[in-house]
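Have a look at the structure below, then the notes.
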Amino acid sequence: MTPTVTTAKDLVHSLPDGGAAAYDVTVIGAGVVGTALARELARYPIRTALVDGSDDIGNGTSKANTAILHTGFDAVPGSLEGRLVREGQRRLAAYAAATGIPVERVGALLVAWDEEQLAALPGLLAKAERNDYHAARIIDAEELRAREPHLGPGALGALEIPDESIICPWTTPLAYATQAVRAGVHLHLDCRVQQIDSGPDIHTLTTTRGPLRTRYLINAAGLYADELDRQLGHDAFTVTPRRGQLIVFDKLARALVDHILLPVPTAAGKGVLVSPTVFGNVLLGPTAEELDDKTATGSSAEGLALLREKGRRILPELIDEEVTAVYAGLRAATGHEDYRIRDYPDQRYIAVGGIRSTGLTASMAIAAYVTELLAATGLALGTPAELEPLTMPNLGEASPRPYRRADLIARDPAYGALVCHCEGVSAGEIRDALASTVPPRSKDGLRRRTRAGGGRCQGFYCGAAVRALIEEATP
Amino acid sequence: MTRRERTVDVLVVGAGPAGLGAGAELAASGAGHVEILEREQVAGGIPRHCFHGGFGTGRAGGAVTGPGYARQCVAAAVGAGARLRTGITVTGWAGPRTVDTTGPTGLERITARAVVLATGARERPRSARLVPGTRPPGVYSTGELQQAVHLFRQRIGTRAVVIGNEAVSHAAVDTLRVAGVDVVALVTDQPPSLPTALAPLLVRARHRTPLLTHATVTGLTGRERLTGVGLRHHDGRTTTLPCDTVVFTGDWIPDHELARRGALTLDPGTRGPAYDASYRTSETGVFAVGNLLHAVESAGTAAAEGRAVAAPVLRRLATGGWPAERPALSVDAPLKWIAPNLFDPDGARPLQGRFILRTARRLPRPHLVVGQDGRVLHRQRLLLPAEPNRPFRLRADWLDRVDPHGGTVRITAV
């Protein structure tokens with residue numbers, strides 16, 4: 001089967017068939033939730049389309065998060081989110097191991113910095129138990145100091161969650177999308193949905209690339225899910241973007257921290273976290289700012305100053321290290337403490353809204369849950385098949401990257417020819433990414449697939465060479 | 001894991017002017033098997049993409065361009081018998097003088113009797129400067145800009161703002177002009193260094209470009225493409241300069257990853273390895289030269305240090321000696337750093353008998369005082385102002401008054 005990925009830059013840039021032949025299911029939004037859904041639906045003998053307004057998958061909220069694979073220890077007990085996070089964590093951990101998505105089980109410590117926070121730990125421990133998580137325990141200041149010797153002064157104790165893990169937030173949706181497309185799902189990028197006209201059997205989507213017809217519709221549009229939902233006549237939720245600014249520190253800071261250091265939530269608000277990344281960096285953030293603008297992904301001087309102030313308290317030496325990146329993500333907050341997943345069988349429509357920062361962890365469970373809902377609405381899905389196994393390129397530092405593998409380099413010297421020195425990215429990996437099933441269309445897209453240009457020099461050495469490789473591959 | 005294990009006499013890491021200078025002089029002096037490793041495909045370092053003149057002569061108007069100078073350096077090293085290997089990256093240490101490498105020919109583990117680090121320096125990118133705002137295309141460092149224009153002939157943009165006002169900033173302006181980009185302004189957070197009325201005129205005369213002093217970058221705007229650079233002026237006014245390109249120049253930082261991974265002691269001021277006048281770091285048998293030590297001096301200075309390291313390396317190969325504890329040299333604010341920054345117990349003098357220093361703010365006629373454990377060793381009045389991002393120098397003829405077993409030697413501007 002020839003994979004179908006289309007973009008506005010294609011020679012024939014209207015949608016295939018001019019939208020005449022209807023898809024069985026169309027998923028709007030190719031973030032981590034939409035791609036997981038497309039992958040799940042790809043197992044069935046139905047025609048599925050995945051559409052997104054941007055030029056890449058995972059290019060909205062999914063690309064800018066804290067990259068944590070949660071246990072769900074602190075979810076609201078009994079909530080849908082809690083259930084899907086726990087189930088999603090098991091599914092994604094297994095999937096990551098099978099496909100080579102980088103995951104490191106570093107564990108989390110909720111560090112108490114004052115008596116109020118210390119007093120909150122037993123309650124959090126009890127909540128973890130209610131969420132069916134039984135490995136948590138409270139450790140005292142002395143053990144905490146031994147486990148994290150670079151912590152700032154004044155830490156009084158911590159709640160340890162040994163199974164909290166870090167994960168590659170970019171490889172995950174890319175693996176989903178790759179498997180989906182290889183199994184026959186049509187991925188249409190640069191394809192913003194402007195209007196939805198629903199007939200008795202068919203929804204007609206007016207998109208920036210022409211009409212698209214579909215029998216069933218799944219709204220996984222993230223920040224824009226409420227607007228689509230209203231187009232279909234509902235007023236179930238409102239998405240208020242919550243901006244999270246984050247600072248990424250250089251790999252040389254990695255030795256300063258061994259766990260995800262989480263804040264203890266109290267009435268006074270939520271603090272910021274310090275976490276290693278699977279790429280070997282250290283992350284500080286996020287801020288939490290309620291905004292009106294769904295495109296406000298810029299950072300602010302105040303936000304960065306706040307992060308540095310809080311970071312200095314948690315891990316004083318971190319602030320002296322070089323910063324490799326600053327970014328801001330928008331979380332799709334709805335004002336409800338749970339996901340907003342709802343099916344409308346009469347409309348052949350399912351809304352998957354309010355998927356907050358836990359969406360990465362829960363993505364596979366959300367996909368399975370929504371697919372069940374879809375079957376219940378009357379769509380005959382048919383018999384599921386096994387998807388072709390997939391191995392993703394390794395971007396993580398916990399196992400050898402290609403430039404450290406004599407076997408790979410012996411087979412293909414391009415894996416020993418480094419282009420991006422800060423991140424150790426070889427010409428072979430860049431070539432592979434540019435020729436992959438879901439190829440990058442920009443420097444940012446290539447960076448998310450390979451790490452090229454994502455290091456401490458930010459392109460001082462390799463920026464022009466990387467751009468030349470992209471321009472060669474995409475004339 | 002299959003690694004080819006090899007031994008050499010001297011391993012030089014980095015083939016810019018400093019590393020090539022070291023390789024040339026060492027090979028010519030009979031140091032044995034001298035191998036230079038360069039991670040780029042082409043040796044020569046930063047001069048490779050500096051298409052302006054002034055290299056090798058110390059004069060801005062000199063005829064030798066960066067690429068020409070890079071070729072001269074390469075020819076000298078190879079001609080002297082050093083083995084130059086490009087496209088080979090040192091990925092870490094496997095012992096005190098043993099490194100692991102990767103390259104298209106596979107993985108190696110190279111043990112040397114002496115290692116010379118010459119990994120250079122880079123400009124701090126926008127992110128490391130914590131400039132807020134969006135992350136659109138159109139944001140460059142000078143290094144990336146010069147390579148894009150001169151080596152790859154890439155399209156840059158139409159209107160650019162250049163952040164910085166040092167030699168490299170003016171090189172960026174020249175490169176933008178070559179690329180057909182209109183330069184809107186040079187922006188610096190420093191106060192005017194010349195009488196306010198005069199400075200903009202001089203810059204305008206050279207580049208026909210206004211210089212905005214005392215201005216801080218408050219943010220970048222634009223999504224698909226950069227649309228502007230926000231500024232806050234000294235008097236509190238804020239403005240946005242519309243542009244589709246911005247170049248963050250200067251603000252150099254040593255490329256010290258390998259040094260840190262080898263647990264070399266860093267100087268808190270330079271952020272490069274602490275070193276003495278014999279270019280000896282804290283690790284036995286590991287030397288360092290060039291802009292890894294002091295970001296940044298001219299290519300000529302880096303090359304001269306490379307050549308100067310040959311004698312101490314040869315001495316090390318012959319005698320195996322290495323100093324244990326050496327008093328550090330340390331500066332007080334507003335001075336930023338001094339190099340070299342360790343006392344050399346063997347009596348070596350810094351290059352040209354003078355230390356290099358930097359200041360964080362302009363000092364009109366600085367009076368430098370050198371002291372140790374409460375004793376004043378030296379006083380010196382400089383005749384010219386000390387300017388930020390520009391070198392100024394301190395005589396070294398007081399070094400024989402230093403107590404080799406004493407405390408830190410402090411340099412203060414009063």
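In this text, all values refer to a predicted model and were calculated from it rather than measured experimentally. Letters A, B, ... are given to chains in the order of the sequence lines, protein chains preceding strands, and every chain is numbered from 1.
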Best-contacting candidate, [options], against chain A by heavy atom pairs under 4.5 angstrom:
| options | answer |
| --- | --- |
| B:Thr102, B:Thr142, B:Thr134, B:Val131 | B:Thr102 |
| B:Asp255, B:Thr218, B:Leu151, B:Ile253 | B:Asp255 |
| B:His49, B:Arg261, B:Glu257, B:Arg126 | B:Glu257 |
| B:Ser127, B:Ser141, B:Pro104 | B:Pro104 |
| B:Pro137, B:Gly103, B:Ala148, B:Gly106 | B:Gly103 |

Which portion of [X] sits near chain B, non-hydrogen atoms under 4.5 angstrom:
| X | answer |
| --- | --- |
| A:Lys443 | side chain |
| A:Phe249 | neither |
| A:Ala465 | both |

(Q) Working to the nearest 0.5 angstrom, can you tell me the gap between B:Leu130 CG and A:Ile247 CD1? (A)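 It comes to 5.5 Å.
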Near [X] [atom1], under 6.0 Å, is it more than 12 heavy atoms from other residues, nucleotides or ligands?
| X | atom1 | value |
| --- | --- | --- |
| B:Glu224 | CD | no |
| B:His233 | NE2 | yes |
| A:Asp293 | CG | yes |
| B:Arg260 | CZ | yes |
| B:Arg223 | CZ | yes |

Q. Quick one: which residues of residues 238-250 of chain B reach chain A at under 4.5 angstrom, heavy atoms only?
A.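 Checking residues 238-250 of chain B against chain A gives no residue, so none.
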Measure distances from [X] to the heavy atoms of chain A and classify the residue's part below 4.5 Å as side chain, backbone, both or neither.
| X | result |
| --- | --- |
| B:Thr89 | side chain |
| B:Arg153 | neither |
| B:Leu145 | neither |
| B:Arg129 | neither |

When you compare the side chain of [Y] with that of [X], does any pair of heavy atoms fall below 4.5 Å?
| X | Y | value |
| --- | --- | --- |
| A:Tyr461 | B:Glu144 | no |
| B:Gln154 | A:Glu471 | yes |
| B:Arg122 | A:Phe460 | yes |

Quick one: which residues of [range] reach chain B at under 4.5 angstrom, heavy atoms only?
| range | value |
| --- | --- |
| residues 417-428 of chain A | A:Ala417, A:Leu418, A:His421 |
| residues 307-321 of chain A | A:Arg308, A:Asp320, A:Glu321 |
| residues 297-304 of chain A | A:Thr297, A:Gly298, A:Ser299, A:Ser300, A:Ala301, A:Leu304 |

Q: Given side-chain contact (heavy atoms from CB on, under 4.5 Å), test A:Arg467 with B:Phe152 step by step and report yes or no.
A: CA-CA 9 Å; A:Arg467 179 175 159 192; B:Phe152 292 95; over 6 Å; no
Q) Can you list the steps and then say if B:His256 with A:Leu252 is a side-chain contact (heavy atoms from CB on, under 4.5 Å)? A) CA-CA 10 Å; B:His256 61 202; A:Leu252 289 161; 3.9 Å; yes
Q) When only pairs under 4.5 Å are counted, which of A:Pro400, A:Ala328, A:Cys457 shares the most heavy-atom pairs with chain B? A)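 Among A:Pro400, A:Ala328, A:Cys457, the one with the most close pairs to chain B is A:Cys457.
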Q. Under the side-chain contact (heavy atoms from CB on, under 4.5 Å) criterion, do A:Tyr403 and B:Leu107 qualify, and how do the steps go?
A. CA-CA 8 Å; A:Tyr403 75 87; B:Leu107 308 182; over 6 Å; no
